[in-house]
Amino acid sequence: MQRIRLRYTKRGRLRFTSHRDFQRAFERALRRAEVPMAYSAGFTPHPKVSYANAAPTGTGSEAEYLEIALTEARDPQKLRELLDESMPDGLDIVEAVEARTSGLADRLTASVWELRLDGVDPADAERAVAAFDTADTVEVQRRTKNGVRTFDARSAVVRLETHLPQADRPIDQPCAILRLVVRHVTPAVRPDDVLSGLRAVADLAPPVPAAVTRLAQGLFDEETGAVTDPLAPDREAAGASSTADATAAAKAPA
């Protein structure tokens, strides 16, 4: 059995795709691409696909991850191309590596988010961010299937800062850009929870819903404060294996 790890995106209008919608589209793509999938046992076998920490419905993402199990070996790059051709535009399969290490989900400990706040003056956003940063706790509420839950949105936030709007934004319309690094904790702190926190501490209320995009997710590096690429260990292991194979071939007798 071969395991392949994939990174995919949710862009444009497809950010409104639910996780279940993506699952259906991806399983159709597997069939169209004739991928030799491994299946679960039991009365209702399902293709062995492991999804890791999917982004909430309504948010875009450049860094969603999943793992599939195959019954026959395939070249990861060719497989990526076949699957990407079979997916709707906006749900793009952008990277594939053979799984050579364990614990992909364990390496997804933090996310980097970008929040575009149309109609918000950058100076107002900066004041709200400063108030959020200096607060010891920022309690917010979220409605769940078990009722309304109150929790601290501040402790999971590693970094929250303002950025300049993109150069192609209309200069006559205010727009604030926030960059957020948040740890994956329980209960999960989502970008909309941070926006609720900014409203609580500084009365920052965007006139239109924020456009939210996950830029990256991976292992949080305590020393550098960076969120590292979760597929890097698999690429490094593949490179080490290729080097070892080449060395062995060079030493083999003619």
Side-chain angles (χ1 to χ4, degrees), residues 1-42 44-57 59-109 111-112 184 213-219 227-249:
M1 184 181 296
Q2 182 189 37
R3 293 179 297 125
I4 301 291
R5 289 170 177 167
L6 304 170
R7 178 169 68 91
Y8 66 94
T9 70
K10 291 172 58 181
R11 296 169 173 161
R13 294 175 61 186
L14 272 297
R15 71 182 185 275
F16 296 106
T17 302
S18 70
H19 182 56
R20 182 162 296 186
D21 290 335
F22 175 83
Q23 286 179 300
R24 286 194 290 263
F26 185 67
E27 290 187 14
R28 284 197 299 269
L30 291 172
R31 291 192 295 269
R32 290 173 184 166
E34 298 181 343
V35 178
M37 290 296 299
Y39 280 77
S40 62
T44 56
H46 295 286
K48 288 190 175 181
V49 183
S50 299
Y51 299 92
N53 196 41
T57 302
T59 62
S61 181
E62 294 295 313
E64 301 297 288
Y65 295 92
L66 61 83
E67 180 178 301
I68 60 177
L70 310 182
T71 57
E72 300 174 11
R74 290 290 186 270
D75 177 83
Q77 295 311 313
K78 292 181 179 178
L79 180 64
R80 184 204 67 78
E81 293 171 3
L82 288 171
L83 287 172
D84 188 49
E85 290 172 359
S86 301
M87 293 289 286
D89 290 340
L91 298 178
D92 304 317
I93 311 297
V94 295
E95 191 172 4
V97 299
E98 183 174 2
R100 293 174 176 265
T101 62
S102 61
L104 173 62
D106 294 336
R107 295 201 291 269
L108 303 180
T109 63
S111 287
V112 181
H184 299 168
T213 302
R214 174 148 57 191
L215 302 180
Q217 65 170 322
L219 189 66
V227 175
T228 61
D229 181 359
L231 300 184
D234 296 299
R235 285 194 296 270
E236 291 169 2
S241 177
S242 298
T243 300
D245 290 344
T247 301

A.B. asks: Is any side-chain N of the basic residue among Glu34 and Arg32 closer than 4.0 Å to the acidic one's carboxylate O?
C.D. replies: no
A.B. asks: Start with the C-alpha distance between Asn53 and Arg214, add both sets of side-chain angles, then the distance that settles side-chain contact (heavy atoms from CB on, under 4.5 Å), and finish with yes or no.
C.D. replies: CA-CA 12 Å; Asn53 196 41; Arg214 174 148 57 191; 3.3 Å; yes
A.B. asks: Can you find a heavy atom in the side chain of Ser86 that is under 4.5 Å from one in the side chain of Arg28?
C.D. replies: no
A.B. asks: Is any side-chain heavy atom of Ile93 less than 4.5 Å from a side-chain heavy atom of Met87?
C.D. replies: yes
A.B. asks: Give the minimum heavy-atom separation between Ala55 and Ser61, together with the two atoms involved.
C.D. replies: CB-CB, 4.4 Å
A.B. asks: Please tell me if the side chains of Phe26 and Val49 come closer than 4.5 Å, counting only heavy atoms from C-beta onward.
C.D. replies: yes
A.B. asks: Are any of the side-chain heavy atoms of Val35 and Leu83 separated by less than 4.5 Å?
C.D. replies: yes
A.B. asks: Within the 4.5 Å heavy-atom criterion, are Thr17 and Thr57 side-chain neighbours or not?
C.D. replies: no
A.B. asks: When rounded to the nearest 0.5 angstrom, what distance separates CG in Leu82 from CG in Leu30?
C.D. replies: 11.0 Å
A.B. asks: Using 4.0 Å as the upper bound for N to carboxylate O, is an ion pair formed by Arg7 and Glu62?
C.D. replies: no
A.B. asks: Are Leu104 and Leu231 side-chain neighbours, meaning at least one heavy-atom pair lies under 4.5 Å?
C.D. replies: yes
A.B. asks: What closest approach, in Å, do Pro88 and Ala25 show between heavy atoms, and which atom pair accounts for it?
C.D. replies: CD-CB, 4.4 Å
A.B. asks: Which heavy atom in Arg74 sits nearest to a heavy atom in Gln2, and how many Å separate them?
C.D. replies: N-OE1, 2.8 Å
A.B. asks: Check the orientation of His19 and Tyr51. Use parallel for under 30°, tilted for 30 to 60°, and perpendicular for over 60°.
C.D. replies: perpendicular
A.B. asks: When rounded to the nearest 0.5 angstrom, what is the spacing between CG in Asp21 and NZ in Lys10?
C.D. replies: 9.0 Å
A.B. asks: Thr59 vs Arg15, test: side-chain hydrogen bond (donor to acceptor under 3.5 Å, both in side chains). Steps then yes/no.
C.D. replies: CA-CA 5 Å; Thr59 62; Arg15 71 182 185 275; over 6 Å; no
A.B. asks: Indicate the atoms forming the closest heavy-atom contact of Thr101 with Pro233, along with that distance.
C.D. replies: CG2-O, 3.9 Å
A.B. asks: Would you mind reporting whether His184 and Gln217 have side-chain heavy atoms less than 4.5 Å apart?
C.D. replies: yes
A.B. asks: Any ion pair linking Arg235 and Glu95 (charged N to carboxylate O, less than 4.0 Å)?
C.D. replies: yes
A.B. asks: Working to the nearest 0.5 Å, report the span between CG of Asp84 and CG of Asp92.
C.D. replies: 5.5 Å
A.B. asks: Using the side-chain contact (heavy atoms from CB on, under 4.5 Å) rule, take Val94 and Tyr8 through it: C-alpha gap first, then chi angles, then the decisive distance, then the call.
C.D. replies: CA-CA 5 Å; Val94 295; Tyr8 66 94; 5.7 Å; no
A.B. asks: Mind checking salt bridge (Lys or Arg N to Asp or Glu O under 4.0 Å) for Glu67 and listing every partner two or more places apart, or none if nothing turns up?
C.D. replies: Arg3, Arg5
A.B. asks: Quick one: CD on Glu85 to CZ on Arg80, what's the gap to the nearest 0.5 Å?
C.D. replies: 9.0 Å
A.B. asks: Please answer whether the main-chain N or O of Ala38 pairs with a side-chain N or O of Thr71 as donor and acceptor at a distance below 3.5 Å.
C.D. replies: no
A.B. asks: Are side-chain heavy atoms of Asp234 and Arg107 found at a separation under 4.5 Å?
C.D. replies: yes
A.B. asks: Where is the tightest heavy-atom contact between Met37 and Pro47, given as atom of each residue plus distance?
C.D. replies: CE-CB, 3.8 Å
A.B. asks: Applying side-chain contact (heavy atoms from CB on, under 4.5 Å) to Tyr65 and Leu108, what does each step give before you reach the verdict?
C.D. replies: CA-CA 9 Å; Tyr65 295 92; Leu108 303 180; 4.1 Å; yes
A.B. asks: Go through Ile68 and Leu79 one step at a time and tell me if the side-chain contact (heavy atoms from CB on, under 4.5 Å) criterion holds.
C.D. replies: CA-CA 11 Å; Ile68 60 177; Leu79 180 64; 4.0 Å; yes
A.B. asks: Please report the shortest heavy-atom distance between His46 and Thr44, naming the atom on each side.
C.D. replies: CD2-O, 3.0 Å
